[in-house]
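Read the structure below first, then the notes.
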Amino acid sequence: MKILISWIAYNNDFDAGEVNESGPTYNFHNYFYEEEEGYDKHLLLAAESSENLRITQLQNKLERDFPQHQIEPKIIKINDPIDLREVKTKVEPILLDLSEHQIDIFFSPGTSIMQVAWYVCHSSLGLNTRLIQVRPSRYSENDEPERLIMDVDTSDIPKGIILKQKHLGSKTYEHVEDYLITESIKPVYENASKIAETDNITTLIHGETGTGKEHLARFIHDNSIRSEEPYIPINCSAFNDNLLESRLFGHKKGAFTGANEDKDGIFKKADGGTVFLDEIGDISPYMQQALLRVLEEKEITPVGGTPEKVDVRIIAASNKNLVQLCKDDEFRWDLFYRLNVAPLELPSLQERGKEEIEKMINFFIDQKKETLKKSTKLELSKEAKSKLVNYGYPGNIRELENLIERLYVFTEDEVTENDIPRFVKENDNEKSLLLDDIEKGHIKYVMDLYNGNQSRSADAMGIVVNTLKSKMEKYGLVREDFL
Ligand SMILES: Nc1ncnc2c1ncn2[C@@H]1O[C@H](COP(=O)(O)OP(=O)(O)OP(=O)(O)O)[C@@H](O)[C@H]1O
């Protein structure tokens, strides 16, 4: 198909409230639309809803005067028509959607920033685009308007082609940067890739701690049209309400004691990009309400300030079961549905199976050799490897990664069964689902980590020493075993 695309010319396409037959859009249809076998469709763009009426008026007039021309109006919400980043982010996906076709961009109508955005998209996306300009009759030699094709080179390594390839499913996900994408999580990454290509879809990632939620969020951002814009992660559970509100939305000078100057929040800093809200299940009802407003109105209110529009993609994650939290009245259903538009679920390491655990072990052995700058690669005896493969990994990939690091640090030669930490050796059966077993295992893990030092272990677990002692007694654990 051959498609014409352009903005309506808010001023020149109209005259005293009527469609201006000398305006650029009408003129184009009058003189050029049927040239070179003609166009199959004109995608006519208008920014903001106040132009709704105008675009319909123009469409009606064109369809009446040129019945064979097909006009497809498209209203695009643009908060700031002179913000290049915003305009570009909005038109890019439209062009990418048309990537199979020849696209003629009628360059002249619109603000100068809209023109720059066309130029950037034309030269960088690598799509089959041409930039078309019209020389008005008063400047042409034969008193007729003249159509000109602008001579602008396009990129040789087009981003658009890369996006298109992904769309066609030709990309493999075996290695993404320093990550190993094993069989069981390939479908998750494939879905994430599709989600990434659709701008502004809110995503909720669920998975136990250490399963790679943050990495998946980053992957979505990096593969979206926002990849050049900021990506800002925040762990919501690390802040109380006041702090979280100010971190997310910013504050105005004097809003509270110590607010000596205006400060932008994360949503403002990430404008145009992506915000990753980790541990979303831990936020208070007050913050849930505030986030719902961001999702619904696309605006934030800095503490002590007035509402401001933001354009941010939100990715949220939780290791808690949000449906259950909703049923228990601890999480708002309306917020859950808003976040859960495109859910992704990361399996625990144990669910991925022993074969994949072994692949992850080998992967980290290779990776850590490089990052820890070791001259030789860690060797595991058969028994040691079997212990590692059969362990339950309550801390998932993070725990496996730490274990391999620890073995690199403490073992000189081949790793034997004796070098494997006790909590791993003793937990080489299937992971129990009993909370007590997990707590016991975790206490052993931490005590082992701190060589039996109870006060450091208690500190690390966020409990007081007496609580640790009574829990150890309950589980029949003795300090001496960890020294
Ligand atoms: N597929 C993978 N390949 C290699 N390393 C991984 C992979 N997934 C996660 N990791 C590593 O595991 C660790 C934990 O990952 P990440 O922080 O993304 O998990 P998380 O689910 O967000 O954790 P939490 O719930 O604690 O926030 C990180 O060090 C990360 O580099």
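First listed ligand is number 1; within each ligand, the first listed atom is number 1.
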Lys327, NZ: over 12 other non-hydrogen atoms inside 6.0 angstrom: no
Structural part of Asn396 in contact with ligand 1, heavy atom criterion under 4.0 angstrom: neither
Closest approach of any protein heavy atom to atom 14 (C) of ligand 1, naming residue and atom: Arg398 NH2, 3.8 Å
Lys/Arg-Asp/Glu bridge criterion (N-O < 4.0 Å) met for Lys253, Glu261: no
Protein contact of atom 1 (N) of ligand 1 - nearest heavy atom, named by residue and atom, plus distance: Leu180 O, 2.9 Å
Nitrogen or oxygen of Asn319 less than 3.5 angstrom from that of ligand 1: no
Distance filter under 4.0 Å to Phe364 heavy atoms, resulting ligand 1 atoms: 4 (C), 5 (N)
Any Gly207 heavy atom less than 4.0 Å to ligand 1: no
Full working for side-chain contact (heavy atoms from CB on, under 4.5 Å) between Ile195 and Arg313: CA-CA 11 Å; Ile195 289 169; Arg313 177 179 201 145; 3.3 Å; yes
Separation of Leu291 CG from Phe249 CZ (nearest 0.5 Å): 5.0 Å
Shortest protein heavy-atom distance from atom 27 (O) of ligand 1, along with the residue and atom involved: Asp278 OD2, 3.0 Å
Those atoms of ligand 1 less than 4.0 Å from some heavy atom in Gly212: 8 (N), 9 (C), 15 (O), 16 (P), 18 (O), 19 (O), 20 (P), 21 (O)
Gly210, any N or O under 3.5 Å of ligand 1 N or O: yes
Parallel, tilted or perpendicular: ring planes of Tyr391 versus Tyr393, cut at 30 and 60 degrees: perpendicular
Shortest non-hydrogen contact from Val424 toward Leu403: CG2-CD1, 3.9 Å
Residue and atom name of the nearest protein heavy atom (relative to atom 26 (O) of ligand 1), distance in Å to one decimal: Thr209 OG1, 2.8 Å
Subset of ligand 1 atoms that lie under 4.0 Å from at least one heavy atom of Met360: 2 (C), 3 (N), 4 (C)
Nearest non-hydrogen protein atom, atom 2 (C) of ligand 1: Tyr179 CD2, 3.1 Å
Tyr475-His442 aromatic ring centre distance below 6.0 Å: no
Atoms in ligand 1 with a heavy atom of Phe363 nearer than 4.0 Å: 4 (C)
Under 3.5 Å: N/O of Glu214 near N/O of ligand 1: yes
Nearest heavy-atom neighbours spanning Ala255 and Gly304: CB-CA, 4.0 Å
Identity and distance of the protein heavy atom lying nearest atom 8 (N) of ligand 1: Ile397 CD1, 3.4 Å
Ring pair (Phe, Tyr, Trp, His ring centres under 6.0 Å) involving His251 - partner list, sequence neighbours excluded: Phe256
Glu308/Lys268 under salt bridge (Lys or Arg N to Asp or Glu O under 4.0 Å): CA gap, chis, key distance, verdict: CA-CA 9 Å; Glu308 294 170 20; Lys268 188 74 193 236; 3.0 Å; yes
Atom indices of ligand 1, in the order listed, that fall short of 4.0 Å to a heavy atom of Glu401: 11 (C), 12 (O), 13 (C), 28 (C), 29 (O), 30 (C), 31 (O)
With Tyr445 via ring pair (Phe, Tyr, Trp, His ring centres under 6.0 Å) - residues at least two apart: Phe423
Closest protein heavy atom (residue, atom, distance) for atom 25 (O) of ligand 1: Lys213 NZ, 2.6 Å
